[in-house]
Amino acid sequence: QKEVEQNSGPLSVPEGAIASLNCTYSDRGSQSFFWYRQYSGKSPELIMFIYSNGDKEDGRFTAQLNKASQYVSLLIRDSQPSDSATYLCAVNKNTGNQFYFGTGTSLTVIP
Amino acid sequence: DGGITQSPKYLFRKEGQNVTLSCEQNLNHDAMYWYRQDPGQGLRLIYYSQIVNDFQKGDIAEGYSVSREKKESFPLTVTSAQKNPTAFYLCASKVPGANVLTFGAGSRLTVL
């Protein structure tokens, strides 16, 4: 069983719509959760991190964490063509300081 | 500017050759990581180091070696024992206290 699972997509949304990206993780001991954005050919850049159950908002981005369901999501409001990228979900289990990444979801925002 | 510098950005290697990828950081971070990324497989951990002179194997360490002689430097050697080394290699360091990884720009290795 993979540590982190994501739907690879591709996910397409029209400009201005809400994009919803989902991620599940297998280890209930996971403590920290991250969303990274990766443009083609580039390295990942951090968008959001969340540690506690509930929602965390930063501008157009909202991360949602449900530890009981082992589920993390990222909502992108008012999607822009510049949001077109692959979004990687990552978790940290603290033990050994290891971070585990999902395979990523490809998002295309259509003008 | 503080950051992580990876070099070279692109590297071509013949089969049977060892190659070393450089990773240097001026962020004063203790923990550093090497990941490999293949299409459709996300990031897989090769090695990580929490302090100088100490490192641990990740999930796919076979065919790779690392050293951590200085806090700023964490080079990765891809040996001839690595059967399929063509990939995008990413070096990262962990922001102390924030438990967040920040990445270098990556090195793309192609075996001819």
Side-chain angles (χ1 to χ4, degrees), chain A residues 1-10 21-27 29-52 56 58 61 63 65 72 85-107, chain B residues 3-10 21 23-25 27 29-51 54-61 68 74 87-110:
Chain A
Q1 185 180 10
K2 291 184 179 180
E3 296 280 353
V4 181
E5 302 231 32
Q6 295 180 254
N7 186 330
S8 62
L21 306 164
N22 305 313
C23 169
T24 58
Y25 59 95
S26 61
D27 189 341
S30 299
Q31 298 288 323
S32 309
F33 307 86
F34 310 88
W35 284 100
Y36 285 83
R37 177 176 62 199
Q38 187 176 25
Y39 292 114
S40 181
K42 303 296 185 182
S43 62
E45 54 181 330
L46 182 71
I47 299 176
M48 297 278 294
F49 60 88
I50 186 167
Y51 302 146
S52 304
K56 179 181 178 182
D58 184 2
F61 299 95
L65 174 60
V72 191
T86 296
Y87 289 80
L88 300 169
C89 174
V91 304
N92 175 258
K93 299 198 287 188
N94 280 346
T95 304
N97 279 311
Q98 293 198 38
F99 293 76
Y100 294 90
F101 286 79
T103 55
T105 298
S106 175
L107 171 67
Chain B
I4 301 173
T5 301
Q6 290 188 241
S7 62
K9 189 171 182 178
Y10 299 97
L21 307 180
C23 178
E24 302 279 332
Q25 54 103 354
L27 301 167
H29 292 171
D30 289 309
M32 297 184 72
Y33 300 76
W34 274 106
Y35 286 90
R36 167 180 173 146
Q37 188 173 33
D38 297 279
Q41 293 196 46
L43 275 64
R44 292 184 290 169
L45 182 63
I46 305 173
Y47 270 98
Y48 66 103
S49 168
Q50 296 185 55
I51 56 172
D54 184 57
F55 48 82
Q56 289 78 41
K57 293 182 179 180
D59 299 320
I60 57 165
R68 188 82 187 277
F74 191 40
F88 188 42
Y89 291 88
L90 289 158
C91 179
S93 64
K94 190 175 75 163
V95 180
N99 204 35
V100 166
L101 288 184
T102 184
F103 287 87
S107 292
R108 190 168 299 276
L109 172 63
T110 301

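Per chain, numbering begins at 1; letters A, B, ... match sequence-line order. A quick note: this is a predicted structure, and the numbers were derived from the prediction, not measured.
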Can you name the nearest heavy-atom pair linking [X] to [Y], along with the distance?
{"X": "A:Asn97", "Y": "B:Tyr33", "value": "O-OH, 2.6 Å"}
{"X": "A:Ser43", "Y": "B:Ala105", "value": "OG-CA, 3.8 Å"}
{"X": "A:Tyr36", "Y": "B:Leu101", "value": "OH-O, 2.7 Å"}

Given that the side chain runs from C-beta out, which part of [X] has a heavy atom under 4.5 Å from chain A: side chain, backbone, both or neither?
{"X": "B:Leu43", "answer": "both"}
{"X": "B:Arg108", "answer": "side chain"}
{"X": "B:Gln6", "answer": "neither"}

Is it the side chain or the backbone of A:Gln38 that comes within 4.5 Å of chain B heavy atoms, both, or neither?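 Contact with chain B involves the side chain of A:Gln38 alone.
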For A:Phe34, is it the side chain, the backbone, both, or neither that has a heavy atom closer than 4.5 Å to a heavy atom of chain B?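 Only the side chain of A:Phe34 comes within 4.5 Å of chain B.
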Quick one: are the ring centres of B:Tyr35 and A:Phe99 less than 6.0 Å apart?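 That pair fails the under 6.0 Å test.
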Please lay out, stage by stage, how B:Tyr48 and A:Gln98 fare under the test side chain to side chain contact (heavy atoms under 4.5 Å, CB included). CA-CA 8 Å; B:Tyr48 66 103; A:Gln98 293 198 38; 3.5 Å; yes
Nearest 0.5 angstrom please: B:Asn99 CG to A:Ser32 OG, how far? 4.0 Å
Distance (rounded to the nearest 0.5 Å) between A:Thr103 OG1 and B:Arg44 CZ: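 Reported to 0.5 Å precision, the distance equals 11.5 Å.
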Tell me, do B:Asp59 and A:Tyr100 make a side-chain contact under 4.5 Å, heavy atoms counted?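 The answer is yes; the side chains approach within 4.5 Å.
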With a 4.5 Å heavy-atom cut-off, do A:Leu46 and B:Val100 have their side chains touching?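 Yes. Closest side-chain heavy atoms under 4.5 Å.
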